[in-house]
Amino acid sequence: MTTENSYKIVVSVGTDHHLFDRLIDWVDHWMEKQDEAPSCFVQHGASRTPKYGTAKDRLPREDLLDIYRGAELVVVQGGPGSILDAREIGAVPLAVPRAPWLKEVVDGHQIEFTKVMAKHGNAHFVDNEDLLHQMMDRVLANPEQYRTAPRVADPQAAGFLLSGAIDTMHAEKSRGLRKILRRTTQLLPVPGRHR
């Protein structure tokens, strides 16, 4: 019997009211191809209930984190909370961003956030069904390769980085403004001088 912490795969689409049936479909299609489908838990939110595995529309965050801890494969929507939750327990998730043109989300923030997280090794950006299926196979063949030390939040270090970035932006803006003023004043007529 599968206990709450022993699912091989966990999929989470978050709790947004927008539907993300596309990810549910992709996972169902992968499960259909398996000779023996692994145990799977799907937190589906407002999206349709999956055909395979154990499903729940929502559950407390700590319960979901416990399920993540026991899984070999974590697949999440590309939202900041979903990716960071997976990273908090040491999983490097397969992250599928919601698409605004499909009315899965209001804007493209998930696409951009997922790309940044992937660039820094905190997620794997997945934007099509074939890639998801390939990555699911790859992770299940070698799950330890898709785990790292848990990501620990460090608000003080983040504050220093943010402060430095703001200072840099301010300095660049000031330099840019001075450059524009210099160019502009060179074009202005100087009293007493004719061109």
Side-chain angles (χ1 to χ4, degrees), residues 2 4-34 36-61 63-119 121-141 143 145-147:
T2 301
E4 197 169 65
N5 293 344
S6 65
Y7 298 98
K8 208 166 201 175
I9 301 170
V10 60
V11 179
S12 174
V13 303
T15 57
D16 190 289
H17 69 278
H18 294 91
L19 301 181
F20 199 20
D21 291 348
R22 177 170 59 107
L23 179 54
I24 304 293
D25 291 343
W26 291 359
V27 173
D28 273 349
H29 296 160
W30 182 87
M31 295 287 277
E32 286 168 357
K33 294 185 210 175
Q34 306 309 304
E36 191 174 320
S39 60
C40 181
F41 178 87
V42 180
Q43 180 274 310
H44 61 89
S47 301
R48 75 165 182 79
T49 304
K51 295 176 189 172
Y52 302 95
T54 301
K56 197 155 173 71
D57 60 346
R58 60 183 59 226
L59 65 161
R61 178 177 178 267
D63 293 351
L64 185 58
L65 292 180
D66 283 343
I67 295 171
Y68 284 173
R69 282 183 191 94
E72 291 183 9
L73 167 61
V74 177
V75 181
V76 297
Q77 67 165 346
S82 297
I83 293 173
L84 293 173
D85 279 353
R87 290 299 299 122
E88 185 175 315
I89 60 91
V92 180
L94 305 183
V96 181
R98 292 172 178 253
W101 57 90
L102 297 174
K103 300 192 182 338
E104 296 168 340
V105 68
V106 295
D107 60 30
H109 77 278
Q110 286 198 4
I111 296 167
E112 296 310 314
F113 185 77
T114 303
K115 285 179 180 178
V116 169
M117 293 303 279
K119 179 180 174 184
N122 287 302
H124 295 279
F125 182 88
V126 178
D127 63 352
N128 67 72
E129 186 172 7
D130 288 341
L131 180 58
L132 178 66
H133 293 183
Q134 291 168 20
M135 291 298 297
M136 290 176 74
D137 291 338
R138 201 173 301 158
V139 173
L140 290 173
Q145 261 193 329
Y146 296 86
R147 290 279 175 167

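Throughout, numbering of the chain's residues begins at 1 and tracks the sequence. The shown structure was predicted, so the numbers you read here are calculated from the model rather than taken from an experiment. Both backbone and side-chain heavy atoms feed into the values below; hydrogens, waters and symmetry mates do not.
Remark: the backbone N or O of P50 is not paired with any side-chain donor or acceptor of D28 at under 3.5 angstrom. Without hydrogens or angle criteria, R98 side chain to V13 main chain gives a donor-acceptor distance under 3.5 Å. Of the possible polar contacts, none joining the H44 side chain to the R58 backbone as a donor-acceptor pair under 3.5 Å is found. Remark: side-chain polar atoms of T114 are paired, donor with acceptor, to backbone N or O of Q110 under 3.5 angstrom. Without hydrogens or angle criteria, E72 side chain to P143 main chain gives no donor-acceptor distance under 3.5 Å. Formation of a donor-acceptor pair under 3.5 Å by the Q43 side chain with backbone atoms of K56 is not found in this model.
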What do the steps show when you test Y146 against L73 for side-chain contact (heavy atoms from CB on, under 4.5 Å), and what is the final call?
CA-CA 8 Å; Y146 296 86; L73 167 61; over 6 Å; no
Taking it one step at a time, do V11 and F41 satisfy side-chain contact (heavy atoms from CB on, under 4.5 Å)?
CA-CA 6 Å; V11 179; F41 178 87; over 6 Å; no
Trace of the side-chain contact (heavy atoms from CB on, under 4.5 Å) decision for I24 with V42
CA-CA 8 Å; I24 304 293; V42 180; 3.6 Å; yes
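Listed here is the closest heavy atom pair of L64 and L59: N-CD1, 3.9 Å. Closest non-hydrogen pair, A55 versus T49, comes out as CB-CG2, 3.8 Å. Contact between R48 and D21 at its shortest, heavy atoms only, is N-OD1, 2.7 Å. When all heavy atoms are compared, the tightest approach of P38 to K8 is CB-CD, 3.7 Å. The shortest non-hydrogen separation linking L19 to A46 is CD2-O, 3.0 Å. Contact record, A123 with A95: CB-CB, 4.2 Å, taken as the closest heavy-atom pair.
Rounding to the nearest 0.5 angstrom, the gap separating the CZ atom in F113 from the CD1 atom in I83 is 5.5 Å. How far NZ of K115 is from NZ of K119: 12.0 Å, rounded to the nearest 0.5 Å. The CG atom of L131 sits 11.5 Å away from the CE atom of M136 when rounded to the nearest 0.5 Å. Separating the CD atom in Q77 from the OG atom in S47 is a distance of 9.0 Å, to the nearest 0.5 Å.
Inter-residue side-chain proximity for D85 and L65 is flagged as met; some heavy-atom pair is nearer than 4.5 Å. Residues M117 and L84 meet the side-chain proximity criterion, which asks for heavy atoms closer than 4.5 Å. Using a 4.5 Å heavy-atom threshold, the side chains of D57 and T15 count as separate. Counting only heavy atoms from C-beta outward, the side chains of R87 and P93 approach each other to under 4.5 Å. The closest side-chain heavy-atom distance from L132 to V75 is below 4.5 Å. Under the 4.5 Å side-chain criterion, counting only non-hydrogen atoms from C-beta, L23 is in contact with V27. Two residues are said to be in side-chain contact when any heavy atoms from C-beta on lie closer than 4.5 Å; L94 and V76 fail this criterion. For the pair N128/H133, no side-chain contact is recorded, criterion being any heavy-atom separation below 4.5 Å from C-beta on.
Side-chain contact annotation: D137 with W30, donor-acceptor N/O pair under 3.5 Å present.
The existence of a salt bridge linking E88 and R69 is excluded, since no basic side-chain nitrogen approaches an acidic carboxylate oxygen closer than 4.0 Å. Salt bridge annotation for E129-R22: absent, with no cationic side-chain nitrogen under 4.0 angstrom from a carboxylate oxygen.
Under the side-chain contact (heavy atoms from CB on, under 4.5 Å) test applied with F20, the options V105, V96, L102 reduce to a single match, V96.
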